[in-house]
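Accompanying notes for the structure given below.
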Protein chains: 2
Amino acid sequence: MAKATDLDDVMRDGILRGTMEPGSWLRMEELKARFAVGFSPIREALSRLVGEGLVEFEANRGFRVKGLSRADLLDIAVTRTAVEGAALRRSIALGDDRWEASVVGAMHRYRRTAAVAFDTDNGLSQWEAAHDELHAALIGACGSPRLMMLQHRLQEQHLRYRRLIVVPHVGAEAHIAEHEQLVEYALARDLDAAVAHIERHMMITVDALSNAEF
Amino acid sequence: MAKATDLDDVMRDGILRGTMEPGSWLRMEELKARFAVGFSPIREALSRLVGEGLVEFEANRGFRVKGLSRADLLDIAVTRTAVEGAALRRSIALGDDRWEASVVGAMHRYRRTAAVAFDTDNGLSQWEAAHDELHAALIGACGSPRLMMLQHRLQEQHLRYRRLIVVPHVGAEAHIAEHEQLVEYALARDLDAAVAHIERHMMITVDALSNAEF
DNA sequence: ATTATACTCATTTTCGAAAATCATTGATAT
DNA sequence: ATATCAATGATTTTCGAAAATGAGTATAAT
């Protein structure tokens, strides 16, 4: 079935989508049966996910999906603020026209997907994907592989929490306005305004989520 | 010999100390013989190190020690600036007396080890260790597990470059003065001065290293 | 001479039987 | 009754034989 090299992709997907429950143990025999492979590829893929922070390992007890908590959600936000703030600062300072073009393009797609987010079945996840791509585009010119990689991983981890709450129909407009403003600052190369805005933005997301049950 | 769970520690050590050459392939049979274990624990440990950014993996070609380059050294510095800057800002804002005490203590040990760094055989690595501990102590009150973990990993990665150049006997005084100043700002809770100082500090280290041959 | 194809060989990668581990249960002694 | 220790069982973890892979080499075809 699934090639062994892509096993971590499949499992990452399961963890991010909540199919594999946060905090639950990952029993070897079960995974072996589920994915129709031997022990080695499974352990290897899980070890990679440990490094990514999605899975925890306890010697002789096995692997488990990393749990969710308010403290962890806050920590993700704090770290995202540090990483994305610095990356955005550099990106705005270094970005050329190609960067501007990619931001404009991503913003366009973001607007479009937001407009139909509640119409179709997977409209919401389309919007979410466009949102994440917009953020990635904004820091795309920062020139630091590590900062971009960290942003990507933190976005993934954040995704697990976003999926837990129902996005209110009404909030959409404010959400869009937030990003219009952010992109405007970025393209105007207003460094301080953009960074201040994105830092505030991170915390708003936490506030919205911290009322949720989990 | 070495318990299988600690295999990654042993290999990490080898990579950081340069025993395992940067860019070189890690042949399975060789590692199997060297550590007297089977394939599985080796692959697992290496997979963990992939997540930490010390090892690269290419499907069906195997694992290799991550190479060194000027671009990579600069990227480490950029990322360290982002992570340690933000962490220090939070640490200064949130730190209590216990934090102050740990900083004072770490600074004391740093001074002591610096004084005898060139006297004994392993004096230099003692000094290096104390230096890293001082930086860890400074951000110790930031309250973010992720920022502290990232700082630790980046410090490790930076270590591989530090080992490449010979620390000049003369530079020691300036190095100590830098840290005296930094600690002073931190304990005085002068947030902006401390953060500005540490950001400059990161770049100084890069400059010193970028003249080295590699 | 150059491209295409089959064959080697060194190496990675997978597999499941077997060993190791830990929590639990049951037996025994105080 | 409670503590101590041995047996049990469920599960993780290791191991090396065997399969899969890809790079290199030889052979054949145009």
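In what follows, every chain begins at residue 1, and chains take the letters A, B, ... in the order their sequences are listed.
- One finds no side-chain N or O of A/N60 lying less than 4.0 angstrom from the OP1 or OP2 phosphate oxygen of D/dT12.
- In this structure, A/E29 places its CD atom 12 Å from C1' of D/dT13, rounding to the nearest Å.
- Note on B/L26: only backbone sugar-phosphate atoms sit closer than 4.0 angstrom, heavy atoms only; bases stay farther off.
- Rounded to an integer number of Å, the gap from B/M28 CE to D/dG22 P is 16 Å.
- Along DNA chain C, the nucleotide nearest B/S40 and the nucleotide nearest A/A59 are compared for position; the residue whose nucleotide lies closer to the 5' end is B/S40.
- Spacing between atom CH2 of A/W25 and atom P of C/dA23 amounts to 10 Å, rounded to whole angstrom units.
- Using the six-membered ring where Trp is involved, A/Y110 and A/W127 have ring planes that are tilted, between 30° and 60° apart.
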Do B/R112 and B/Q126 pass the side-chain hydrogen bond (donor to acceptor under 3.5 Å, both in side chains) test, and can you show the C-alpha distance, the side-chain angles, and the key distance before you say yes or no? CA-CA 10 Å; B/R112 283 295 182 86; B/Q126 294 277 105; over 6 Å; no
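- Whole-Å rounding puts the A/R43 CZ to D/dC15 C1' distance at 13 Å.
- In this structure, B/L31 reaches neither bases nor backbone, as no heavy-atom distance under 4.0 Å exists between it and the strands shown.
- Between B/H131 and B/H135, the ring planes are tilted. Angles from 30° to 60° get that label.
- In this structure, B/E44 atom CD and D/dT13 atom P are separated by 7 Å, rounded to whole Å.
- Toward the 5' end of DNA chain C, the nearer of the two residues B/F63 and A/F39, judged by each one's closest nucleotide, is B/F63.
- Using a 30° and 60° split on the angle between ring planes, B/F63 and B/F57 fall in the tilted class, from 30° to 60°.
- In this entry the distance linking CD1 of A/I42 with C1' of D/dT14 reads 15 Å, nearest Å.
- One atom, NZ of B/K32, and another, C1' of D/dT14, lie 11 Å apart when rounded to the nearest Å.
- Between B/L46 atom CG and C/dT12 atom C1' the separation is 12 Å, expressed in whole Å.
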